[in-house]
Amino acid sequence: MSYSLGQHRLVRQQQDMAHSPVTPVGSSLGLDDKSISKAGISTSDPGDGEISDRVDTSHSEDGDHSNGLYAHREISLTPEERRAERRFLLKIDIIILPLIASVYFLAALDRSDVGNAAVAGMTKDLNLSAAELSFCVAFFYIGFLAFQLPGSIMVRLLTPPIQLGAALVIWGGATAIMTEANNWQTIAGLRIVVGCFEAFIQGAPLYLTFWYKPHELATRGAIFMSMTSLAGSMNGLIAYSIQTTMEGAHGRRAWRWIFLIEGVASVGFGVLIFFILPNTPEKVKRWFTEEEKKIALRRTKEAYNIPNTKVSLGQLKATVRDPKTWFYCVINLAAAISQAAWGQFLPVLLNLNGYTPNEAQIMSIPVYVCAGVSAIACGYLSDRFRMRGIFVVVGLLVAAAGWLVLILSKNQQLSYAGTYFVGIGSSPCVIVMLAWMNNNVLGYTKK
């Protein structure tokens with residue numbers, strides 16, 4: 001696919017290259033030849049001074065791409081072309097980002113509704129012990145962890161609209177069925193199903209890397225990942241509203257209505273996603289003009305993506321052998337455990353700390369809001385200063401301080417303050433880690 005943008009500048013670049021030393025492109029990324037080779041990308045020059053705008057997509061990632069990293073260079077643009085790119089960026093911000101944010105919002109809503117249902121009467125009605133309630137929460141992660149890797153790998157094979165839409169419909173249906181549960185085993189079993197299919201939306205951050213350049217990712221990631229915090233606050237508000245207005249309606253307890261309403265919402269939005277979410281840049285058909293599709297293809301190549309690439313077994317092996325993979329896993333695990341425990345049990349923690357069920361639902365709202373604001377602010381600053389590590393380190397330290405307060409404090413107000421520290425520290429870490437990883441990893445399979 002040849003570029004139609006900036007062609008008159010390419011001639012000048014060709015002339016400059018003929019008389020200037022070439023800086024190894026991998027050096028600007030902090031990569032050596034061995035690292036680049038593992039990524040399945042060749043660093044060889046196109047040869048004979050010829051500048052090619054064509055990327056060979058007929059090979060897998062382990063194949064020899066003759067253009068190498070050179071094919072992913074950012075070309076010079078005229079002022080008019082830069083304005084066209086800014087309009088395109090605004091367009092995908094308006095179309096794609098709200099859809100992905102909504103998917104994450106509904107996922108977080110259904111993931112954390114057990115805590116709200118427990119406070120709304122589920123624990124009493126089903127006579128749940130503390131251990132049984134913990135099982136209902138924890139079993140979600142059995143399916144979630146088991147299907148995260150397939151959920152990311154299959155995003156190109158299934159296509160994003162089908163994968164995300166089907167996931168919403170299935171986990172939403174499982175959530176709605178919980179309204180009929182009469183024991184903890186039923187809820188725990190259905191939570192495994194919810195976890196399995198919520199894992200498939202973990203392909204969404206990878207999907208965004210097809211559309212956004214590395215320095216644009218953290219801000220956008222913060223926006224859609226902050227939906228976890230917004231969903232937590234909305235869960236509290238929804239649960240409070242249902243408890244005060246729908247308790248006993250049509251013979252159903254309030255906690256059963258929580259599952260039913262939130263599950264049906266996910267099913268409905270999943271059907272919508274099938275029809276309106278754009279496909280990957282090389283396959284997109286609706287929403288964009290032909291000129292915008294060319295911009296999308298150029299940008300996805302500049303973001304170190306290869307259109308129509310396939311999963312590579314060699315890349316999977318290289319990922320397992322790479323020490324950086326395990327570094328990302330350990331840091332992300334620490335942040336994710338903190339955020340998950342805080343998000344799932346916040347209403348329960350507040351209830352156990354002496355607040356009434358209704359107070360616990362309401363008082364969880366500002367905690368989630370502050371966590372969401374922290375996530376967006378840190379994501380923006382991370383992109384603005386193009387720094388990742390410092391935000392992760394500070395976030396983890398703040399979250400650790402919050403957990404320390406919750407463990408040691410006997411004061412109700414101080415413990416409540418501790419929940420703010422946990423949320424404000426944990427929420428940005430997961431977001432910035434995702435952006436950090438996607439910035440530093442080459443190759444579709446490895447990402």
Side-chain angles (χ1 to χ4, degrees), residues 100-101 103-116 134 136-145 148 151 191 194-195 198-199 201-202 204-205 218 220-236 327-350 364-379 382 388-389 391-407 415-438:
I100 297 299
V103 170
Y104 264 74
F105 173 80
L106 291 167
L109 207 65
D110 292 335
R111 183 184 312 161
S112 60
D113 53 12
V114 167
N116 298 93
S134 296
C136 290
V137 172
F139 276 33
F140 167 90
Y141 292 97
I142 295 174
F144 191 70
L145 293 173
Q148 271 202 334
R191 290 275 294 174
V194 173
E198 282 205 17
I201 70 163
Q202 299 311 301
R220 274 76 183 184
I223 290 172
F224 78 80
M225 290 292 285
S226 67
M227 292 298 106
T228 301
S229 299
L230 178 60
S233 64
M234 287 300 297
N235 243 340
F327 166 78
Y328 288 129
C329 286
V330 170
I331 301 300
N332 199 52
L333 184 65
I337 288 175
S338 177
Q339 187 186 37
W342 167 81
Q344 295 277 5
F345 287 106
L346 182 58
V348 177
L349 287 172
L350 295 177
S364 68
I365 295 174
V367 184
Y368 286 119
V369 170
C370 288
V373 171
S374 170
I376 294 174
C378 290
S382 176
R388 307 296 192 210
F391 290 95
V392 175
V393 171
V394 172
L396 288 174
L397 290 174
V398 171
W403 283 116
L404 197 61
V405 169
L406 285 170
I407 292 169
S415 295
Y416 183 54
T419 64
Y420 281 89
F421 280 99
V422 175
I424 289 170
S426 299
S427 296
C429 288
V430 176
I431 295 158
V432 176
M433 274 300 302
L434 281 172
W436 196 6
M437 179 184 66
N438 282 310

Would you tabulate the side-chain donor-acceptor contacts of residues 331-343 under 3.5 Å, counting partners in other chains and residues two or more places apart, or write 'none'?
| residue | atom | partner | partner atom | Å |
| --- | --- | --- | --- | --- |
| S338 | OG | W403 | NE1 | 2.9 |
| S338 | OG | S426 | OG | 2.5 |
| W342 | NE1 | T419 | O | 3.1 |

Counterpart residues, side chain to side chain donor-acceptor pair (under 3.5 Å), relative to [X] (two or more places apart):
{"X": "S374", "answer": "none"}
{"X": "Y104", "answer": "none"}
{"X": "D113", "answer": "none"}

Taking ring pair (Phe, Tyr, Trp, His ring centres under 6.0 Å) as the test, write out the residues that go with [X], two or more places apart.
{"X": "F139", "answer": "F135"}
{"X": "F391", "answer": "none"}
{"X": "Y420", "answer": "Y416"}
{"X": "F105", "answer": "none"}

For this session: Evaluate the side-chain proximity of L406 to F421: yes if any heavy-atom separation is below 4.5 Å, no if none is.
Result: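 Result no, sub-4.5 Å side-chain heavy-atom pair not found.
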
Problem set entry | Side chain to side chain, F140 and E198, heavy atoms closer than 4.5 Å |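 They are in contact (side-chain heavy atoms under 4.5 Å apart), so the answer is yes.
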
Could you pull out the closest heavy-atom pair between [X] and [Y], with the gap in Å?
{"X": "G115", "Y": "V348", "answer": "O-CG2, 4.0 Å"}
{"X": "C429", "Y": "V392", "answer": "SG-O, 3.5 Å"}
{"X": "P428", "Y": "G423", "answer": "CD-O, 4.2 Å"}
{"X": "N116", "Y": "S112", "answer": "OD1-O, 3.3 Å"}
{"X": "S364", "Y": "L346", "answer": "CB-CD2, 3.8 Å"}

Exercise. Mind checking what makes side chain to side chain contact (heavy atoms under 4.5 Å, CB included) contact with V137, not counting sequence neighbours?
Worked result: V114, R191, Q344, F345

Exercise. Can you list the residues that meet the side chain to side chain contact (heavy atoms under 4.5 Å, CB included) rule with V393, with sequence neighbours excluded?
Worked result: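 Residues passing side chain to side chain contact (heavy atoms under 4.5 Å, CB included) with V393: L397.
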
Rounded to the nearest 0.5 Å, what separation is found between the [atom1] atom of [X] and the [atom2] atom of [Y]?
{"X": "S427", "Y": "I376", "atom1": "OG", "atom2": "CD1", "result": "10.5 Å"}
{"X": "F144", "Y": "R111", "atom1": "CZ", "atom2": "CZ", "result": "5.0 Å"}
{"X": "M433", "Y": "S382", "atom1": "CE", "atom2": "OG", "result": "11.5 Å"}

Exercise. Which residue pairs pass the salt bridge (charged side-chain N to carboxylate O under 4.0 Å, His left out) test when at least one of the two sits in residues 220-235, sequence neighbours left out?
Worked result: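 Only D93-R220 qualify under salt bridge (charged side-chain N to carboxylate O under 4.0 Å, His left out).
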
